[in-house]
Amino acid sequence: MGVVGHNDPLLGETTCGSLLQQLQLIWDEVGESDDDRDKMLLQLEQECLDVYRRKVDQASSSRARLLQQLANSKSELNRLLSSLGELSISGVIVPDKTTGTIKEQLAATSPFLEQLCRKKEKRVKEFADVQLQIQTIRGEIAGTLQVGDHLEMPHVNEDDLSMKKLNEFLFELQALQKEKSDRLHKILDFVSSVHDLCSVLGMDFLATVTEVHPSLNDSVGAHSKSVSDETISRLSKMVTELKEEKVKRIGKIQALASQLTDLWNLMDATVEERQLFDHVTCNMSSTLDRVTVPGALALDVLDQAEHEVERLDQLKASRMKDIAFKRQTELEDIYAQAHIAIDTSAARDRILSVIDSSMFEPSELLADMENQILKAKEEASSRKDILEKVDRWMLACEEESWLEDYSQDDNRYSATRGAHLNLKRAEKARVLVNKIPAIVDMLVAKTQAWEQEHNTAFTYDGVALLVMLDEYRILRQEKEEEKRRMRDQKKINDQLAAEQEKLFGSKPSPARPQSAKKLPGPRANGGAVNGTPNRRLSVQQQNGVRSASRDGRRESVRPSAPVNYVAIAKDDAALQASSN
């Protein structure tokens with residue numbers, strides 16, 4: 001086998017042909033036989049084949065490695081795309097797997113793979129941050145993690161790093177953040193309520209609120225406060241307890257304020273003495289929400305009020321006689337205004353005997369007198385309507401008496417001063433007098449209804465009102481009969497005068513007829529008509545108490561008006577109101 005080679009002079013390189021020529025020259029000089037030469041050429045050819053074979057094997061191995069690398073790159077690329085949930089990044093399209101040589105495919109895949117790896121690292125960090133925040137907030141809400149504590153970075157599942165999954169975690173994080181914010185606002189509201197309640201109750205706010213959790217101190221920022229369920233529950237319980245304590249103290253201070261007011265009124269305390277406890281009495285009628293003054297319900301304020309009540313109670317015992325008589329005077333005034341007759345001397349004697357007894361208890365005596373005053377007010381209230389009608393009846397009777405006197409005045413139509421006023425009063429009096437029968441009937445009906453309801457007689461200054469009304473009716477009937485008799489007598493006198501004029505030719509001067517009997521009203525000054533005494537007046541004279549009401553406040557007996565009485569504008573107004 002011959003090997004052809006040549007020496008290229010242009011390149012100046014040694015080739016296989018030139019080396020073979022040199023080998024033949026050497027063989028010629030040595031005298032190698034053709035067989036040896038053929039063996040040596042065959043050996044040389046075999047060695048060349050071995051070199052080529054090794055190079056082919058090396059190239060095959062390199063190709064296999066590149067194919068494996070390309071396969072791994074494509075597999076990693078597909079895994080990253082699947083994990084990230086994306087088909088492209090920054091506009092780079094995934095290259096076709098069968099396009100170009102292996103190295104070209106590797107060269108095209110590597111940049112895209114590097115971009116995906118960087119994005120994966122960034123996405124993993126985002127997932128880790130979000131999951132860490134989620135775990136932190138969950139721990140704060142559950143109370144297993146204190147505010148400010150740090151957790152280890154959570155493990156991230158790299159099989160699903162898609163934006164959909166990240167958005168799910170972000171949505172969960174936002175929900176937890178909103179819940180934490182709501183809890184924080186709720187806690188701040190509770191803390192504010194605790195602060196206000198502690199201020200009103202005079203309690204140490206910091207010492208009270210830090211019993212729930214140390215982070216609730218004012219020096220701790222709002223976002224660093226505990227928002228756990230336990231903290232909220234304990235705060236809510238504390239607010240409830242403080243409100244209950246506030247209600248309890250308000251009730252106590254209002255009771256003390258009421259006691260102070262009653263004791264001051266009993267003993268006529270000065271304004272200066274009362275002003276010392278304005279901070280107590282100002283809350284006597286306040287509601288729960290309106291008591292907001294700092295320290296208004298502090299324990300020392302309650303103690304101060306309690307000591308003052310005790311002091312006034314002791315002082316009240318020493319002044320019990322004056323206080324009891326003051327209450328008795330108030331009771332008598334109520335009965336006097338209601339025209340109820342009572343034995344005042346016996347009542348005062350009973351008070352003195354109770355005070356002087358060894359078993360005397362001031363509170364029991366005052367309570368008994370308070371009950372009497374309350375019952376007296378209730379009875380006076382039930383009698384009010386009837387008493388108003390009685391006053392109207394009495395006023396009408398007075399006007400009737402005045403009208404009779406006025407009608408008998410021969411000078412009533414003279415041009416004297418004030419005569420026109422008397423004429424106006426007479427007109428109004430006639431209207432009112434005509435209403436007397438209806439007023440009496442109404443009084444009788446109301447009095448009977450009252451007596452039936454209360455199962456007792458209705459008395460007016462000790463006299464049964466129905467008896468007074470019956471007597472008045474009888475007297476009125478007698479008066480009407482007397483008027484009728486006088487009219488008949490006048491007719492007879494007129495007839496006699498006419499006959500005398502016929503017989504003697506002259507008319508005798510008419511004699512003034514005897515005036516009719518005047519009906520005394522229920523407020524007349526006394527006397528009797530046809531032997532019937534004014535029973536109401538006799539009772540007043542016997543009692544000697546209500547002929548004039550206490551301290552000159554009101555006259556219970558009105559005198560009859562004299563003749564030619566000139567009415568004033570106020571009387572006209574009163575008559576007009578009564579007639580209406």
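Positions are given from 1, in the same order as the sequence printed here.
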Problem set entry | N-O pairing of Glu308 and Arg311 below 4.0 Å | yes

Problem set entry | Any residue meeting ring pair (Phe, Tyr, Trp, His ring centres under 6.0 Å) with Phe458, in chain and number order, not counting sequence neighbours | Trp450

Problem set entry | Least distance between heavy atoms, Leu387 atom then Ala338 atom | CD1-O, 3.5 Å

For this session: Could you tell me whether Lys186 and Asp182 have a side-chain N and a carboxylate O separated by less than 4.0 Å?
Result: no

For this session: With the side chain counted from C-beta on, respond yes when Leu331 and Gln328 share a heavy-atom pair under 4.5 Å apart, and no when they do not.
Result: yes

For this session: State which residues pass ring pair (Phe, Tyr, Trp, His ring centres under 6.0 Å) with His185; sequence neighbours excluded, sorted by chain then number.
Result: none

Exercise. Just checking, Arg348 and Phe325: is the charged tip under 6.0 Å from the six-membered ring centre and within 45° of the axis?
Worked result: yes

Exercise. Do Asn493 and Gln489 have a side chain donor and acceptor closer than 3.5 Å?
Worked result: yes

Exercise. Heavy atoms, side chains only, cut-off 4.5 Å: are Val444 and Arg473 in contact?
Worked result: yes

Exercise. When you check the gap from the basic side-chain N to the acidic O, do Arg425 and Glu399 get nearer than 4.0 Å?
Worked result: yes

Seminar exercise, completed: When rounded to the nearest 0.5 Å, the distance separating CG of Asp441 from CG of Leu469 is 9.5 Å

Seminar exercise, completed: Heavy-atom nearest pair, Leu201 first then Leu242, reads CD1-O, 3.8 Å

Exercise. What is the minimum heavy-atom distance between Ile187 and Val227, and which atoms define it?
Worked result: CD1-CA, 3.4 Å

For this session: Considering only NZ, NE, NH1 and NH2 on the basic side and carboxylate oxygens on the acidic side, decide whether Glu330 and Arg327 come within less than 4.0 Å.
Result: yes

Exercise. Does a side-chain heavy-atom distance below 4.5 Å link Lys384 with Lys389?
Worked result: no

Problem set entry | Pairwise side-chain hydrogen bond (donor to acceptor under 3.5 Å, both in side chains) hits with a residue in residues 250-266, at least two apart | Lys252-Glu306, Asn265-Arg274

Problem set entry | Sequence-distant partners of Arg430, side-chain contact (heavy atoms from CB on, under 4.5 Å), two or more places apart | Leu403, Ala426, Glu427

Exercise. With distance as the sole criterion, is a donor-acceptor pair present between the side chains of Asp343 and Ser345 under 3.5 Å?
Worked result: yes

Exercise. Tell me, do Lys428 and Leu432 make a side-chain contact under 4.5 Å, heavy atoms counted?
Worked result: no

Problem set entry | salt bridge (charged side-chain N to carboxylate O under 4.0 Å, His left out) partners of residues 288-304, not counting sequence neighbours, each pair once | none

Problem set entry | Neighbour count >12 (heavy atoms, 6.0 Å) for atom CD, Glu388 | yes

For this session: Taking the side chain as every heavy atom from C-beta outward, state whether Asn283 and Ser286 have any atom pair closer than 4.5 Å.
Result: yes

Seminar exercise, completed: The complete set of side-chain hydrogen bond (donor to acceptor under 3.5 Å, both in side chains) pairs with one or both residues in residues 240-251, sequence neighbours excluded, reads Glu245-Arg249

Exercise. Stepwise, does the side chain to side chain donor-acceptor pair (under 3.5 Å) test hold for Glu451 with Asn455?
Worked result: CA-CA 5 Å; Glu451 291 182 349; Asn455 198 23; over 6 Å; no

Exercise. Counting only heavy atoms not in Glu230, do more than 12 sit closer than 6.0 Å to its CD atom?
Worked result: no

For this session: Measure the shortest side-chain to side-chain distance between Arg487 and Arg484 over non-hydrogen atoms and say whether it is less than 4.5 angstrom.
Result: yes

For this session: For Ser228 and Thr231, test the side chains for any donor-to-acceptor distance below 3.5 angstrom and give the result as yes or no.
Result: yes

For this session: Side-chain contact test, heavy atoms from C-beta onward, threshold under 4.5 Å: evaluate it for Val209 versus Val212 and give yes or no.
Result: no

Exercise. Does some side-chain heavy atom of Phe190 sit less than 4.5 Å from a side-chain heavy atom of Met238?
Worked result: no

